[in-house]
Amino acid sequence: MTEKKLESAAGDKLMIRMESVNKWYGEFHVLKDINLDVRQGERIVLCGPSGSGKSTTIRCINRLEEHQAGRIIVDGVELTSDLKQIEAIRREVGMVFQHFNLFPHLTVLENCTLAPMWVRHMPRREAEAVAMHFLERVRIPEQALKYPGQLSGGQQQRVAIARALCMKPAIMLFDEPTSALDPEMVKEVLDTMIELAESGMTMLCVTHEMGFARTVAHRIIFMDRGEIVEQAAPDEFFSNPKSERTRTFLGQILH
Amino acid sequence: MDTHIFKPDLKRPLLSVGALGWLRTNLFSNWFNTLLTLFSLYLIWLVVPPIVKWAIIDADWVGTTRADCTSEGACWVFIKMRFAQFMYGFYPHELRWRVDLTVIAAIVGAAPLFVRAMPRKLIYGAFFLVAYPALAFWLLHGGFLGLVAVPTSQWGGLMLTLVIAVVGIAGAMPLGILLALGRRSDMPAIRVICVTFIEFWRGVPLITVLFMSSVMLPLFLPEHVSIDKLLRALLAVMLFEAAYIAEVVRGGLQAIPKGQYEAAAAMGLGYWRSMGLVILPQALKLVIPGIVNTFIALFKDTSLVIIIGLFDLLNSIHQATVDPAWLGFATEGYVFAALVFWIFCFGMSRYSMSIERRLDRGHKR
Amino acid sequence: MQTTARVQPARSSLLRDPKFRGLVFQILAVFTVVGIGWYLFQNTQSNLAQRGITSGFGFLNNTAGFGILQSLIDYTETDTYGRVFVIGLLNTLLVSGLGIFFATLIGFVIGIARLSPNWLLSRLATVYIEIFRNIPPLLQIFFWYFAVLRAMPAPRASYEFFDAIYLNIRGLYLPSPIPADGFNVFAIALLAACVAIVLVARWARKRREATGQLFPTPAVAIGLLVALPGLAALVAGNPVTWSVPELRGFNFVGGLVVIPELVALTLALTLYTAAFIAENVRSGIQAVSHGQTEAARSLGLRPRHILRLVIIPQALRVIIPPLTSQYLNLAKNSSLAAAIGYPDLVSLFAGTVLNQTGQAIETIAITMSVYLAISLSISLLMNWYNKRIALVER
């Protein structure tokens with residue numbers, strides 16, 4: 001992994017704004033007053049113990065989860081229950097899941113062309129060209145005609161990244177993209193993500209890979225019990241955590 | 001270093017909680033959902049009030065003859081008067097305590113098997129499996145050790161249904177297990193024999209098997225041998241069910257990881273010992289739900305013995321509905337039969353589901 | 001080294017050779033099976049000789065001499081047992097086909113209702129499933145036949161629906177279509193509409209792949225299906241006239257009569273099997289993991305596209321195998337017809353023909369072979385299908 005800190009490329013345009021977002025699962029209060037601004041090109045890593053609400057937070061951004069109070073504005077569009085707006089936002093926001101969620105009945109190429117063809121109304125030829133372009137970027141163009149079940153975990157996750165990229169999203173969400181992978185496959189996925197970061201993509205990433213966070217993130221957000229406990233630039237975050245809760249957490253995962 | 005003070009949990013905002021919130025999210029979340037709710041309410045209104053009116057409000061409950069059934073609703077007097085026949089068939093009145101005792105013995109005897117902490121369960125279970133059938137046969141059939149014989153032609157009602165189902169499944173188990181093992185054997189001849197047997201029985205309807213047992217079996221056997229009608233039905237049911245049990249057990253055998261077979265072989269266990277001590281105990285535990293489901297299917301299928309003239313629960317009721325003294329109460333009879341069958345089948349299916357959940361949890365641990 | 005001399009030479013006894021043992025075991029097994037078969041055959045031979053029954057299939061050419069309640073082909077009492085067999089087989093296929101059609105329809109509706117976010121509807125579906133699958137099918141047949149249809153009024157007091165459908169103790173009377181002048185033109189128009197739909201669907205797919213534009217194929221298809229035959233009917237006149245059942249004296253004339261036995265059997269088998277199909281559909285849809293829906297959503301796919309492109313193709317793989325076995329069960333359960341006297345294969349052939357001819361072995365063997373042939377061919381088809389659609393895994 002490159003030691004050199006990635007160039008800070010965050011622009012001024014506000015891509016995501018969350019204003020005192022609250023969410024409940026039944027009676028359980030999972031997100032408490034989340035306030036978060038993400039600018040264009042900014043790369044944010046969310047970390048925290050399991051059940052702290054970090055996945056829920058990013059899943060609210062593309063409305064896989066519904067928030068009950070507060071406002072979420074993505075690229076100038078406010079998320080309400082309006083289906084048209086939800087669709088518009090989902091077109092702009094790509095997501096990569098912990099368990100890949102590739103469609104097992106479609107080939108790698110078909111996985112990648114499905115949404116461009118049905119959502120962006122791209123001709124097949126063009127969609128396939130786009131798909132091959134991104135499969136090349138994640139370094140598995142030779143697997144295009146195979147089915148997801150025939151690939152290794154790392155390869156599947158790279159396909160999932162390519163699939164999301166094929167929609168040319170403005171923002172990418174990563175929900176623990178390396179947690180379900182065997183150790184030797186983590187690096188290939190992280191490398192892909194670093195390359196993506198270098199291209200200036202706006203990224204929100206839930207991960208426990210602190211090395212990745214240190215090199216790639218502009219900002220690290222630490223969450224616990226449904227709220228943002230602390231946020232800071234990586235150097236600050238690792239060397240001088242403000243809250244005692246953060247320090248305990250770092251002590252547990254950094255050994 | 002500051003200590004972060006966590007915010008308190010807040011109540012979910014109103015409108016989405018409580019009875020009102022529940023109604024909103026579950027029944028009236030949008031126009032389509034509302035439409036579905038109204039449609040469902042219409043269906044309920046269409047079906048439930050007439051049934052309740054017929055079965056309870058307008059029904060006749062007291063009396064002894066059909067003359068007592070004067071109202072519009074159901075005549076439960078009919079069921080009441082014939083109840084004993086539905087339960088015991090033509091089993092002699094004064095001997096029916098023997099049937100009751102058999103059932104009580106089954107419940108008391110089997111109860112310890114369901115206590116999870118029971119010590120030496122296996123030994124007790126084996127003893128129960130050997131001793132109970134002998135006891136049950138002595139009580140139900142008699143003819144020795146001081147009990148008067150009651151020929152099977154007098155057996156009937158729910159008692160006969162239970163006898164066929166229980167004996168059928170118990171008899172089918174050993175054969176089914178052997179067939180399952182045979183189907184997974186390395187020996188081609190054994191495999192072919194087992195596959196043929198299994199596929200044959202699974203491919204034909206039980207009714208043709210019962211026909212076969214009643215008209216073909218006498219031809220198959222030497223002239224002087226004649227078998228009891230019930231025994232013929234039982235044989236047919238056993239052979240038929242064995243094929244289904246075999247497929248269920250095969251599923252369990254396939255679910256046992258290969259490592260278990262290898263570990264057993266590595267310990268130097270031969271085929272029968274590794275099956276008996278290592279594989280089957282695990283596989284059979286896995287397939288308990290499947291066996292219970294097979295039993296439910298068999299329990300429902302016992303009603304087919306009507307075809308060969310046995311008086312099981314359904315046939316007893318069917319005969320009662322065509323009795324001139326009680327003509328016109330077929331609905332009551334079949335509803336009662338349905339209720340009895342339903343209670344048994346539904347109860348067993350819940351039991352099988354609960355075991356399945358327990359096994360699932362056991363696996364995850 | 002001297003010790004090598006004391007090692008046993010590789011001279012193991014045949015008895016301890018697993019291959020040899022296996023062979024012996026197999027030969028023994030085959031001998032036992034053949035022996036039992038031979039024993040049964042011998043007994044049968046002597047029993048048949050004793051009773052003076054000649055075996056063989058010659059009886060199929062004899063005259064049957066009895067009437068049949070329902071026959072899809074022409075039949076008179078002078079026809080042969082062979083023809084009776086065909087009638088029984090056709091009647092079995094008829095009731096199985098009707099049952100499969102309706103059970104699939106109801107089963108899918110209820111299975112989907114079971115997963116509805118509407119609490120009340122999903123509860124109703126559950127109640128339906130739990131009631132109908134836990135009551136023996138034979139009991140359900142009896143209920144519909146003896147308690148409902150046999151209790152219907154005489155033709156004069158029939159239940160009447162839309163002035164065209166009548167239900168009474170003699171059965172269900174439906175209007176039947178009779179081709180009229182415009183029939184040919186209408187049929188051609190209908191055929192043309194079907195061809196046009198196929199062509200449009202093809203063209204729409206090609207265009208979508210080439211330009212990305214979507215085309216409202218379903219709406220156009222429905223439009224074509226209505227417009228073309230409608231136009232034909234306008235131009236060429238009424239395609240069919242309906243023969244509506246009419247009460248004349250004590251009975252109905254005209255229309256199509258469905259005998260109560262068939263109604264009861266179809267109704268019971270449909271409702272019973274639909275409960276199982278509903279469960280298969282539910283578990284098939286639930287087997288598609290939630291992650292699949294989430295991934296499709298996060299890509300911005302519309303709900304109906306998610307259903308069509310992601311959920312249904314995967315759910316069908318899970319649903320179809322158990323669905324086929326439900327179809328098989330239904331076909332086998334159709335033999336319960338014997339209990340209410342619907343002239344299906346078992347009731348006619350293994351029942352009436354057996355009783356008249358005494359050819360127990362032959363009739364039962366033929367009956368069983370028919371079911372076996374159906375079961376085996378469906379299993380083979382299933383295996384082929386499973387191989388074809390199995391998800392490719394490492």
Side-chain angles (χ1 to χ4, degrees), chain A residues 58-59 61-65 83-84 86-107 110-128 145-153 155-156 160 163-164 166-167 169 172-173 175, chain C residues 117 119 201-219 283-321 385-394:
Chain A
I58 68 165
R59 286 158 62 87
I61 293 171
N62 66 350
R63 194 71 170 197
L64 288 182
E65 305 280 357
L83 279 173
K84 274 264 149 21
I86 294 173
E87 274 167 26
I89 285 171
R90 283 177 179 163
R91 279 199 290 271
E92 300 306 316
V93 180
M95 186 164 196
V96 174
F97 298 85
Q98 179 178 0
H99 295 288
F100 332 136
N101 292 345
L102 292 176
F103 305 128
H105 62 298
L106 302 176
T107 63
E110 286 167 337
N111 263 280
C112 292
T113 56
L114 187 76
M117 284 168 63
W118 289 91
V119 180
R120 289 236 189 266
H121 305 312
M122 235 184 242
R124 175 183 284 279
R125 205 176 276 259
E126 196 186 326
E128 283 178 353
L145 296 180
K146 289 200 180 159
Y147 284 88
Q150 295 169 291
L151 306 185
S152 74
Q155 289 172 322
Q156 289 194 42
R163 177 176 73 176
C166 283
M167 285 295 285
M172 283 286 283
L173 307 174
D175 189 0
Chain C
W119 181 86
R202 265 198 183 164
W203 168 82
R205 202 182 72 221
K206 278 225 177 90
R207 191 185 71 148
R208 178 174 59 71
E209 296 201 339
T211 68
Q213 282 168 295
L214 299 186
F215 186 77
T217 312
S283 60
I285 295 176
Q286 278 183 337
V288 181
S289 78
H290 192 57
Q292 292 289 311
T293 323
E294 288 195 335
R297 274 196 201 141
S298 77
L299 287 168
L301 286 167
R302 297 250 169 98
R304 66 192 142 104
H305 289 154
I306 296 178
L307 214 59
R308 179 172 138 199
L309 301 169
V310 177
I311 309 290
I312 292 176
Q314 293 188 60
L316 275 187
R317 282 160 212 258
V318 184
I319 293 172
I320 286 184
Y385 173 82
N386 278 336
K387 276 214 187 79
R388 214 178 67 101
I389 65 143
L391 289 179
V392 185
E393 303 261 359
R394 284 222 277 191

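Remember, predicted model here, so these are calculated numbers, not experimental data.
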(request) With a 4.5 angstrom heavy-atom cut-off, could you sort out which part of Met167(A) is near chain C: side chain, backbone, both or neither? (result) side chain

(message) Need one label for Phe97(A): side chain, backbone, both or neither, based on atoms under 4.5 Å from any heavy atom in chain C.
(response) side chain

(request) Sort Arg302(C) into side chain, backbone, both or neither according to what part of it lies under 4.5 angstrom from a heavy atom of chain A. (result) both

(message) For a quick test of reading the model, state the closest non-hydrogen atom pair linking Gly212(C) to His121(A) and the distance between them.
(response) O-CB, 2.9 Å

(request) List the atom of His105(A), the atom of Pro313(C), and the distance in Å for their closest heavy-atom pair. (result) CD2-CB, 3.5 Å

(request) Determine the minimum heavy-atom distance between Gly300(C) and Arg90(A), stating which atoms define it. (result) CA-CB, 3.7 Å

(message) Please output the residues of residues 283-294 of chain C in contact with chain A, using a heavy-atom cutoff of under 4.5 Å, in numerical order.
(response) Gly291(C), Gln292(C), Glu294(C)

(request) Would you name the heavy atoms of Gln314(C) and Pro104(A) that are closest together and state the gap between them? (result) OE1-CG, 3.2 Å

(message) So which residue, Val119(A), Leu173(A), Ile89(A), ends up with the most heavy-atom pairs under 4.5 Å with chain C?
(response) Val119(A)

(message) Show the nearest heavy-atom pair for residues Ala210(C) and Pro123(A), with the distance to one decimal.
(response) O-CB, 2.6 Å

(request) Taking His305(C) for its side chain and Ala115(A) for its backbone only, find out whether a donor-acceptor pair lies under 3.5 Å. (result) no

(request) Please say whether more than 12 non-hydrogen atoms of neighbouring residues, nucleotides or ligands are located less than 6.0 Å from CZ in Arg205(C). (result) no

(request) Measure the shortest side-chain to side-chain distance between Leu114(A) and Leu301(C) over non-hydrogen atoms and say whether it is less than 4.5 angstrom. (result) yes

(request) Examine whether an atom of Ile86(A) lies under 4.5 Å from a heavy atom of chain C, and if so say whether it belongs to the side chain, the backbone or both; otherwise answer neither. (result) neither

(request) Give, as side chain, backbone, both or neither, the part of Arg308(C) having an atom under 4.5 angstrom from any heavy atom of chain A. (result) side chain

(request) Check whether Arg59(A) gets within reach of chain C through its side chain, its backbone, both or neither, counting any heavy atom under 4.5 Å. (result) side chain

(request) For His99(A), check ring pair (Phe, Tyr, Trp, His ring centres under 6.0 Å) against everything at least two apart and list the hits. (result) none

